[in-house]
Amino acid sequence: MIPGRCKQGIIVSALPVMHNGLKAIIAHHFPDMELHHYQSSCGLSPLLMRRANLIIQEIPPVADDARAECEACYRLIAQLPGIHWIFMVPKNVFSLAVEYLMRPETTLLATTESVEGLIEAIRLGSERAERISQLLLSPHEVKIPGQVSAACTLTSSERQVLRLLGKGWGINQIAQLLKKSNKTISAQKNSAMKRLSLKGNAEMYAWINSFQGVKELNLLSLQKEQAEWNLSHQK
């Protein structure tokens, strides 16, 4: 990143939580960057991409969906090679991502990457950032904040609050839905963050959007619901 210059970034993800989490992270560390959000690479065009310096793309964990996104991104990268692409890659589709997405201007990060790892990749840019995260290369899982067995540690109430936050709900809305006070909902959120060793909302949203978070909070079903809703409203 070049200090003092306004940058434009694009976030590509089907999950609102991905946009919310990255928006909070980038606004804190790169306040001059203007962000745009798209649900899939199908929404990107060469004209739009010419104004961007950075694209952060989430690769789906399902193999068929991952292949479709990788193929689409492969074509887009070839059209405008000057953009720094950062791909958030689930480990189970890592080999597919390497096959399609390894280029001089790309960086592959794990979906379980720490916030610091993502910020460092953005700051270093395409010329100096590591091409592949050590979390993807390592045969063993590296423990990072939030990477614990949420099913064993989170209470059902805490998991419910995190899932609603992942769906884009605010504290007030959750409190009204569950017929609890704002103070109780905030306490359950903070308790969940403490159990997961998460510091701040940015890390919380990063965990919710990680492969583990999406799985534990059943957000994959939300992604399917949104896709079906979009399809029904296009008819």
- Message: Quick one, Ile119 and His28 - any side-chain contact, counting heavy atoms below 4.5 Å?
- Response: no
- Query: Just by modelled atom types, is the Gly117 backbone N or O under 3.5 Å from a matching donor or acceptor in the Glu120 side chain?
  - Reply: no
- Message: Using only atom types and a distance under 3.5 Å, with no angle test, would you say the side chain of Arg159 pairs donor to acceptor with the backbone of Leu154?
- Response: yes
- Query: Do you know which two heavy atoms are closest between Glu58 and Ala14, and how far apart they sit?
  - Reply: OE1-N, 3.8 Å
- Message: I'd like to know whether Ile59 forms a side-chain contact (heavy atoms from CB on, under 4.5 Å) with Leu101, so could you lay out the CA-CA distance, the side-chain angles of the two residues, the decisive distance to 0.1 Å, and finally the verdict.
- Response: CA-CA 11 Å; Ile59 301 300; Leu101 305 176; 4.1 Å; yes
- Query: Taking C-beta and beyond as the side chain, do Trp169 and Leu177 meet within less than 4.5 Å on heavy atoms?
  - Reply: yes
- Message: Working to the nearest 0.5 angstrom, can you tell me the gap between Thr184 OG1 and Ile174 CD1?
- Response: 12.5 Å
- Of all heavy-atom pairs between Ala66 and Val93, which one has the smallest distance, and what is that distance? CB-CG1, 3.9 Å
- Taking all heavy atoms of Pro60 and all of Asp65, pick out the closest pair and write down the distance. CB-CB, 3.7 Å
- Item | Closest approach of Ile122 to Ile56 (non-hydrogen atoms, all atoms of both residues) | CD1-CD1, 4.1 Å
- Point-to-point distance, once rounded to the nearest 0.5 Å, from OG1 of Thr111 to CG of Leu136: 8.0 Å
- Query: Is atom NZ of Lys23 surrounded by more than 12 heavy atoms (other residues, nucleotides or ligands) closer than 6.0 Å?
  - Reply: no
- Message: Taking ring pair (Phe, Tyr, Trp, His ring centres under 6.0 Å) as the definition, give me every residue that meets it alongside His37, ordered by chain and number, with sequence neighbours left out.
- Response: His19
- Note on the structure: Scanning both residues in full, the closest heavy-atom pair of Ala192 with Leu162 reads CB-CD1, 3.9 Å
- Sorted by chain and residue number, the side-chain hydrogen bond (donor to acceptor under 3.5 Å, both in side chains) partners of His36 (sequence neighbours excluded) come out as Gln8, Glu34
- Mind checking the CG-CZ spacing from Leu118 to Arg123? Nearest 0.5 Å is all I need. 10.5 Å
- Task: Report the distance from atom CZ of Arg103 to atom CD1 of Ile83, rounding to the nearest 0.5 Å.
- Result: 12.0 Å
- Message: Are Asn201 and Lys189 packed together at the side-chain level, in the sense that at least one heavy-atom pair is separated by less than 4.5 angstrom?
- Response: yes
- Query: Taking side chain as C-beta onward, heavy atoms only, is Gln160 less than 4.5 Å from Gln188?
  - Reply: no
- Message: Could you measure the distance from the CD1 atom of Ile25 to the CZ atom of Phe30? Nearest 0.5 Å is fine.
- Response: 10.5 Å
- Whether Asn172 side chain and Asn182 backbone form a donor-acceptor pair below 3.5 Å: no
- Side chains of Leu165 and Met204: closer than 4.5 Å at any heavy-atom pair? yes
- Heavy-atom distance under 4.5 Å between the side chains of Lys91 and Thr112, does that happen here? no
- Looking only at heavy atoms, the pair that brings Ile171 and Ser186 closest together is CG2-OG, 3.7 Å
- Task: Might you work through the side-chain contact (heavy atoms from CB on, under 4.5 Å) test for Val98 and Val89, ending with a clear yes or no?
- Result: CA-CA 10 Å; Val98 170; Val89 181; over 6 Å; no
- Lys180 vs Ser157, side-chain contact (heavy atoms from CB on, under 4.5 Å): CA-CA, chis, key distance, verdict: CA-CA 11 Å; Lys180 297 180 180 179; Ser157 296; 3.9 Å; yes
- Gap between atom CZ of Arg131 and atom CG of Leu108 - 0.5 Å precision: 9.5 Å
Taking only distance into account, with no hydrogens and no angle test, what donor-acceptor pairs under 3.5 Å do side-chain atoms of residues 68-82 form with protein atoms, sequence neighbours excluded?
from  : atom 1 : to     : atom 2 : distance (Å)
Glu69 : OE1    : Ser41  : OG     : 3.1
Glu69 : OE1    : Gln57  : NE2    : 3.0
Glu71 : OE2    : Tyr100 : OH     : 3.3
Gln79 : NE2    : Arg75  : O      : 3.4

